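Everything below concerns the one structure shown next.
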Amino acid sequence: MGQMIPEPAPKLSMEARLNGLSKMSQTSSNFTERVIAATGPNAHPRLKEIIPSLVRHLHDFAREVKLTVGEWEAAVEFLNECGKMSNDRRNETQLLCDILGLESLVDDITSKLLASSASETPSAILGPFYRHNAPLLPNGSSIIQDLDPSVPWYTQAVADSAHVTGRVLSSSGEPIKGAIVDVWHAAPNGLYEQQDEAQPDMNFRGRFMTDAEGRYSFYALRPVSYPIPDDGPSGRLLKLLDRHPYRPGHIHFIVSAPGFRTLTTQLYDDRDHYVTNDAVFAVKDELIVKFVPKEGDPKALWLLEYDFVLGRK
Ligand code: BEZ
Ligand code: FE
């Protein structure tokens, strides 16, 4: 009977309690709390918020999947490889975030934090192929350069020729005059001009300024799906996960105007097979658009009309 009643626990000194803690198993949640508690009182305020949460999620993740040393070493090597492959022309670590949906997620979190009205056009990720200083072109001109029958994708370009037009509006519906609509898309071979020596500099890129009615207008092509760069570690991971590297056909936009928050977004052609299966998870329903047949325009067989709504700063 005496054996069944435990002796009262002796009072422990502070030193003994700390010793006990340090002998605790690293797989216990106390271990995680100790790592979090190592943050000092003068830590950067935002890091003080972010890092404890990161530590908690990382530790829980490692416990959940029973991560081994070998697997962790492989992951470290993988991240190192992404870093070594990155430079000012290619960002493999960002690409890794893209295929894990992280860039799209933080883009959405950020735009929702900043949005003041539900009518604002949703944002989408910038992607790695933006170039500053695309030519500023008059409304109604074309972003397609040097298209002639010698270009390998000439026939497809003619079949996909499109007039893209619409207005830039405030969230209360007023037209915004003098807004800049910066636009870029890939060629029918799925390559942006900087990926393809055969294309002229700044092909399929242009900037347009809205008129007094807030209207922009340009000629382009219906965009095609293309694979994201998959010759590096991110591409290897896609293959190991039995995933494809394709993005649905899209046109990129950055719309800016004084006094308004700059909108970075993309419009997705609804004909595209990958519109419901984007390798980087950037598609939002409101950004899926319909090109309709255009008649009587020698420059375009298709028309896309789309209004962008900007939020005030
Ligand atoms: C793009 O849309 O250009 C893009 C986005 C993420 C990764 C690769 C390409
Ligand atoms: Fe793109």
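Keep in mind that this is a model prediction, so the values were computed, not measured. Atoms within a ligand are numbered from 1 in the order they appear, just like the ligands themselves.
- Between Phe218 and Phe208, the two ring planes are parallel [angle under 30°; tilted spans 30° to 60°].
- Residue contact check: His252 has heavy atoms under 4.0 Å from atoms 1 (C), 2 (O), 3 (O) of ligand 1.
- Note: Phe253 and Tyr216 have perpendicular aromatic rings, judged against thresholds of 30 and 60 degrees for the angle between ring planes.
- Within the listing of ligand 1, atoms 7 (C), 8 (C) sit less than 4.0 angstrom from a heavy atom of Leu95.
- Within ligand 1, counting atoms from 1 as listed, the ones closer than 4.0 Å to a heavy atom of Ile228 are 7 (C), 8 (C), 9 (C).
- Between the side chain of Glu92 and the backbone N or O of Glu81 there is no donor-acceptor pair closer than 3.5 Å.
- Applying the side-chain contact (heavy atoms from CB on, under 4.5 Å) test between Val168 and each of Leu263, Val309, Ile176, Ile180 identifies Ile176 as the sole match.
- The single protein non-hydrogen atom nearest to atom 6 (C) of ligand 1 is Asp98 OD2, 3.3 Å, given as residue, atom name and distance.
- In terms of modelled atom types and a separation under 3.5 Å, the side chain of Lys48 and the main chain of Pro41 share a donor-acceptor contact.
- The Fe ion (ligand 2) has Tyr192 OH, Tyr226 OH, His250 NE2, His252 NE2 as its protein N, O or S neighbours under 2.8 Å.
- At a cut-off of 3.5 Å, with distance as the only test, no side-chain donor of Ser117 or Glu120 sits close to an acceptor on the other residue.
- In Asn87, the CG atom is crowded: over 12 heavy atoms of neighbouring residues, nucleotides or ligands sit closer than 6.0 Å.
- Residue-ligand proximity, Tyr192 to ligand 1, at heavy-atom distances under 4.0 Å covers atoms 3 (O).
- Using a 4.5 Å cut-off between side-chain heavy atoms of Ile, Leu, Val, Met, Phe, Trp and Tyr, with links allowed through other members, Leu137 and Phe308 fall into the same hydrophobic cluster.
- Within 6.0 Å of the CG atom in Asp148, the count of heavy atoms belonging to other residues, nucleotides or ligands exceeds 12.
- In this structure, a donor-acceptor pair under 3.5 Å is absent between the side chains of His59 and His57.
- Ligand 1 has at least one atom lying under 4.0 Å from a heavy atom of His250.
- Taking any N or O of Tyr226, backbone or side chain, at least one lies under 3.5 Å from an N or O belonging to ligand 1.
- Closest to atom 9 (C) of ligand 1 among all protein heavy atoms lies Pro128 CD, 3.3 Å.
- For atom 2 (O) of ligand 1, the nearest non-hydrogen atom of the protein is Arg247 NH1, 2.6 Å.
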